Amino acid sequence: MTYTIASAATVVVAAGLDLVVLRTQLLTRRVFWVSYAIVLAFQLLVNGVLTGMRIVRYDPRQIIGWRIAYAPVEDIGFGFGIVVATLAIWVWLGLRMDADDAD
Amino acid sequence: MRHLTYLALLVACLLATLPLEFGLGARVYRRWRRAALTILPVAAVFVLWDLLAIHAGWWSYDRAYLVGLDVVDDLPVEELLFFLVVPVCALLTFEAVRRLRPGWVVLPGRKRPPR
């Protein structure tokens with residue numbers, strides 16, 4: 001269950017980074033959700049290969065056991081955290097860095 | 001060749017997203033300083049988590065599918081690359097969607113991306 005908890009915590013922390021800390025508010029934007037849907041589709045594909053071929057194996061005691069395309073559902077939270085953190089920081093930096101690109 | 005499997009998957013992700021940079025004009029690699037400042041802290045946090053998880057036994061790898069080079073301890077080099085490749089692909093996707101839908105707001109009050 002510990003990966004489950006850590007995965008859920010990642011979702012909360014990433015959402016907090018976007019909505020509270022950096023205030024980029026990407027989670028309120030259609031452009032984010034469309035992008036995330038595309039990335040998620042490829043995550044399920046790539047992660048499906050990694051876990052389906054057992055290149056990566058999980059301790060069953062650390063996960064709740066639900067799987068999507070061979071991968072533990074906890075990986076969804078993990079991926080959400082990576083994507084939201086990356087995009088929020090990118091957009092936030094764009095406010096401070098790019099002189100010739102508004103965002 | 002099986003040892004190249006995980007690495008090949010990562011390379012495939014980068015190759016598949018190249019058209020977003022050069023065809024659609026996502027300008028992520030072009031803006032490499034901003035990309036580096038974005039990706040490095042994210043990668044650092046997740047690599048650390050990965051190391052802790054590997055040490056705690058949450059997950060493990062079949063070495064037959066890895067090149068056999070560890071960055072530190074039991075962290076395969078493929079895992080380090082994973083945390084660089086995934087953010088790059090996410091950025092390319094996001095910027096490509098923005099190019100295709102310039103009217104979709106990212107930050108309120110900001111100008112649209114220049115043509």
Side-chain angles (χ1 to χ4, degrees), chain A residues 2-3 6 10 13-14 17 23-26 28-43 45-47 49-51 53-59 61-63 72 74-75 78-79 81-98 100-103, chain B residues 2 5-6 9-10 12-13 16-17 27-28 31 33-35 37-43 45-46 49-50 52-53 56-66 78-79 82-83 85-98 100-101 103-108 110-114:
Chain A
T2 38
Y3 183 23
T10 302
V13 169
L17 185 70
R23 299 193 172 280
T24 37
Q25 312 279 324
L26 288 175
T28 66
R29 301 283 171 227
R30 178 170 42 177
V31 64
F32 164 76
W33 288 106
V34 169
S35 302
Y36 177 63
I38 297 169
V39 173
L40 179 62
F42 284 100
Q43 176 188 355
L45 180 64
V46 174
N47 215 18
V49 171
L50 285 174
T51 49
M53 291 180 67
R54 296 182 55 75
I55 297 174
V56 188
R57 292 86 49 97
Y58 298 83
D59 180 349
R61 294 167 299 180
Q62 311 301 340
I63 55 177
E74 288 84 351
D75 279 357
F78 199 70
I82 296 175
V83 173
V84 171
T86 300
L87 296 182
I89 293 171
W90 169 261
V91 169
W92 183 80
L93 284 174
L95 287 172
R96 285 152 181 77
M97 289 183 70
D98 290 343
D100 64 342
D101 186 322
D103 291 77
Chain B
R2 209 168 46 149
T5 304
Y6 194 172
L9 265 174
L10 295 172
C13 290
T17 50
R27 297 178 71 239
V28 171
R31 292 178 283 185
R33 289 177 197 83
R34 181 175 165 190
L37 284 174
T38 298
I39 295 169
L40 291 176
V42 175
V45 168
F46 280 90
W49 181 9
D50 201 15
L52 294 171
W58 288 7
W59 53 73
S60 60
Y61 304 90
D62 185 344
R63 301 242 145 212
Y65 296 103
L66 307 179
E78 290 88 341
E79 280 294 287
F82 177 91
F83 293 115
V85 169
V86 170
V88 166
C89 290
L91 288 175
L92 286 165
T93 302
F94 179 73
E95 287 296 309
V97 171
R98 287 192 58 217
L100 291 172
R101 290 291 181 269
W104 286 3
V105 173
V106 177
L107 291 168
R110 302 291 298 183
K111 294 199 293 285
R112 295 176 177 198

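Nothing here was measured: the structure is a model prediction, and the numbers come from that model. Proteins get letters first, then strands, A, B, ... in listed order; numbering begins at 1 in each. These numbers come from the heavy atoms of this one structure, side chains and all, not from hydrogens, waters or symmetry mates.
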Drop me the distance from B:R98's CZ to A:R29's CZ, to the nearest 0.5 angstrom. 12.0 Å

Are A:V31 and B:R101 side-chain neighbours, meaning at least one heavy-atom pair lies under 4.5 Å? no

If every non-hydrogen atom of A:V46 is compared with every non-hydrogen atom of B:C13, which pair is closest and at what distance? CG2-SG, 3.9 Å

A:T10 versus chain B, the contacting section by heavy-atom distance below 4.5 Å: side chain

Name the region of A:I55, side chain, backbone, both or neither, that has any atom closer than 4.5 Å to a heavy atom of chain B. both

Cation-pi check, B:R34 onto A:W90 ring (under 6.0 Å, within 45° of axis): yes

Structural part of A:A6 lying under 4.5 Å from a heavy atom of chain B: both

With a 4.5 Å cut-off on side-chain heavy atoms, are A:M97 and B:L37 touching? yes

Which of the residues B:I39, B:V28, B:V42 is involved in the greatest number of heavy-atom pairs with chain A at under 4.5 angstrom? B:V42

Can you find a pair of side-chain heavy atoms, one from A:F42 and one from B:T93, that are under 4.5 Å apart? no

Region of B:A35 in contact with chain A, defined by heavy-atom distances below 4.5 Å: both

What's the separation between atom OG in A:S35 and atom CG in B:L91, rounded to the nearest 0.5 Å? 10.0 Å

In terms of heavy-atom pairs under 4.5 Å, which option from A:R54, A:R57, A:Q62, A:Q43 contacts chain B the most? A:R57

Residues in side-chain contact (heavy atoms from CB on, under 4.5 Å) contact with A:P72, at least two apart in sequence or another chain: A:T51, A:Y58, A:I63, A:R67, A:E74, A:D75

Could you please spell out the steps behind the side chain to side chain contact (heavy atoms under 4.5 Å, CB included) verdict for A:L26 and B:V106? CA-CA 7 Å; A:L26 288 175; B:V106 177; 4.1 Å; yes

In the structure I gave you, are the side-chain heavy atoms of B:F94 and A:T86 within less than 4.5 Å of one another anywhere? no

Roughly how far apart are A:F32 CZ and B:W104 CH2, rounded to 0.5 Å? 13.0 Å

Which of the residues A:L50, A:V83, A:I82 is involved in the greatest number of heavy-atom pairs with chain B at under 4.5 angstrom? A:I82

Under 4.5 Å from any heavy atom of chain A, what part of B:R33 do you find: side chain, backbone, both or neither? both

